Amino acid sequence: MAVMKLYGSLLSTAMGRVVACLYEKGLDFEFIPVDMKSGEHKKEPFLSLNPFGQVPAFVDGDLKLFGKNFISSWF
Ligand SMILES: N[C@@H](CCC(=O)N[C@@H](CS)C(=O)NCC(=O)O)C(=O)O
């Protein structure tokens, strides 16, 4: 089974919340860093994950989610 992917930045407090939930549930995930300093979150391909251009974004197979509350409530 493909591992869940969390796209974000270590500087993001919103991502920190999602990471805390993943660890609390003991779920395996891959962290995909998004370089916010260079504006990677405002360009494709990231915009196809979150059209608002904000981290975090999350992919689990065919499921794509963005927004810390939507992601966290998925676990
Ligand atoms: N409503 C979003 C807010 C996420 C958010 O504010 N992310 C910040 C980092 S903590 C961000 O991507 N800021 C860059 C921007 O807004 O351009 C959520 O709940 O996840």
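Numbering of ligands and ligand atoms starts at 1, following listing order. On a predicted model such as this, the values are computed, not experimentally measured, just so you know.
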Looking only at protein heavy atoms, identify the closest one to [atom] and say how far it is in Å.
{"atom": "atom 18 (C) of ligand 1", "answer": "K68 N, 3.4 Å"}
{"atom": "atom 17 (O) of ligand 1", "answer": "K42 NZ, 2.7 Å"}
{"atom": "atom 1 (N) of ligand 1", "answer": "Q54 OE1, 4.0 Å"}

Discussion item. The test is side chain to side chain contact (heavy atoms under 4.5 Å, CB included); show your working for F58 and Y7 and say whether it passes.
Written reply: CA-CA 6 Å; F58 176 82; Y7 295 77; over 6 Å; no
Discussion item. Would you say that K5 contacts D60 through its side chain, given a criterion of any heavy-atom pair below 4.5 Å between the two side chains?
Written reply: no
Worksheet item: How far apart are the C-alpha atoms of S48 and E44, what are their side-chain angles, what is the distance that settles it, and do they pass the side chain to side chain contact (heavy atoms under 4.5 Å, CB included) test?
Response: CA-CA 6 Å; S48 66; E44 291 294 352; 3.4 Å; yes
Worksheet item: Is the closest side-chain donor-acceptor distance between D35 and S38 under 3.5 Å?
Response: yes
Worksheet item: Would you say M36 touches ligand 1, if touching means a heavy atom closer than 4.0 Å?
Response: yes
Look only at interatomic distance and state if [X] has a nitrogen or oxygen under 3.5 Å from any nitrogen or oxygen of ligand 1.
{"X": "V55", "answer": "yes"}
{"X": "N69", "answer": "no"}
{"X": "S12", "answer": "no"}

Worksheet item: Which atoms of ligand 1 sit under 4.0 Å from any heavy atom of H41?
Response: 14 (C), 17 (O)
Practice prompt. Quick one: pull up CG in L47 and CD in Q54 and give me the separation to the nearest 0.5 Å.
Written response: 11.0 Å
Worksheet item: Under the criterion ring-ring contact (aromatic ring centres under 6.0 Å, His included), which of F66, F70, F46 is the partner of F52?
Response: F66
